[in-house]
Amino acid sequence: MNVPIELRSDNAAGAAPEILAAIGAADVGSALAYGDDLWTAGLQTMVREMFEHPEATVFPVISGTAANSLALAAMCPPWGAVLCHETAHIMQSEGGATSMFSGGAVMRGLTGDEHHLVGAHDVQAAYDATRWGDNHHSQPAVLSLTNPTDFGTIYSPERVAALSAVARARSLRVHMDGARIANAIAALGCTPAELTWRAGVDVFSLGAMKNGSVSTDAIVCFDPAVAAQLHYRLKRAGHVASKMRFQSVQLQAYLRDGLWLRLAAAANRAMAKLAAGLSGLGLQFVDHPDVNMVFVRVDESVIVRMEHSGLFFYRMGPGLIRLVTSFQTTDAEIDDAVARIAAAVAGNDR
Ligand SMILES: Cc1ncc(COP(=O)(O)O)c(C=O)c1O
């Protein structure tokens with residue numbers, strides 16, 4: 001029996017040792033609750049410095065869904081529409097959380113290009129289809145970009161800036177679902193500021209859980225008007241943890257000395273190695289993996305043999321699987337996974 005190899009999701013990975021150690025180190029004495037502690041104040045300062053923005057505000061929350069939906073609810077009126085790619089997690093996999101928290105805002109899915117990226121023409125088409133000022137029709141109020149996309153492709157700072165300009169032309173705010181933003185920044189080699197506010201992003205979800213934290217993601221807000229709302233909205237949604245210091249210290253450790261980017265780069269490298277191995281076997285990808293995720297077209301019989309070989313991955317549809325690496329994926333695991341897939345392709349059980 002082979003040892004299982006985890007390629008289902010980076011959510012299945014464990015925690016980074018640096019983050020676990022930081023939680024232990026914060027367990028000293030008492031500290032005021034609900035974010036009035038030194039760790040949360042330190043995190044605030046750190047985020048302003050790292051993102052080069054004096055008004056940036058960070059709000060720890062316990063999931064990517066909370067980060068996205070609460071931020072979007074603060075950015076979009078109840079009669080508004082959030083424009084996003086039709087495959088976006090916020091539209092397909094968050095159970096309508098944004099509509100619930102916003103009091104009725106809807107998602108409008110855009111088709112995007114062959115790389116699952118929204119283009120300026122998609123946004124323009126949504127504008128053209130809107131009956132502006134007609135109270136029978138939801139009014140576009142936010143453009144949300146998922147970076148990396150749910151298919152493992154990325155928006156460059158230039159592309160984000162171009163889309164933000166189209167959004168601004170109709171006074172839309174710009175949101176970024178950054179559940180894996182560290183993977184995007186590591187792949188692009190840009191600064192955090194370049195991919196966010198300098199490219200016109202008002203608010204983004206800072207994912208940490210898929211990349212080494214134990215129990216925290218965060219919202220980072222560059223718009224004081226949205227931050228003022230989040231102050232109340234987060235409390236009402238139950239996202240102001242009394243022991244916030246243990247969330248804040250995780251985020252501090254995550255961002256300190258580039259740990260988040262090193263972890264993400266490791267996950268990206270593991271995927272690049274896996275993708276090279278799979279290409280060598282002649283397998284076809286839906287998209288070139290820019291970060292740590294790839295969708296692969298494989299015959300059903302091969303999928304079954306892969307499953308029997310102890311590889312853990314998700315089936316996304318007939319003849320389509322998703323493989324995801326994490327900061328914990330080792331070179332040895334990738335070599336072993338490629339060998340098992342080679343055997344499965346050749347028709348052998350391994
Ligand atoms: C792109 C994207 N956004 C948001 C989320 C939501 O994160 P969570 O599952 O922590 O709510 C996920 C989770 O997989 C995701 O892949």
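Fair warning: this is a prediction, and the values are worked out from it, not measured in the lab. Indexing begins at 1, ligand by ligand and atom by atom, following the structure's order.
A cation-pi contact, defined as under 6.0 Å to the ring centre and within 45° of the axis, links K235 to Y34.
Scored by the side-chain hydrogen bond (donor to acceptor under 3.5 Å, both in side chains) test, R170 finds no partners at all (sequence neighbours excluded). Residues satisfying the side-chain hydrogen bond (donor to acceptor under 3.5 Å, both in side chains) test with N268, not counting sequence neighbours, are N183. Legend: residues meeting side-chain hydrogen bond (donor to acceptor under 3.5 Å, both in side chains) with R269, ordered by chain and number and at least two apart, are absent.
At a heavy-atom cutoff of 4.0 Å, ligand 1 is surrounded by N11, S63, G64, T65, N68, H89, E94, T146, D150, D177, A179, R180, K210.
Judged by distance alone, the side chains of T153 and D290 never bring a donor and an acceptor atom under 3.5 Å apart.
Shown here for T329 and S326, the closest heavy-atom pair between the two residues is OG1-N, 2.8 Å.
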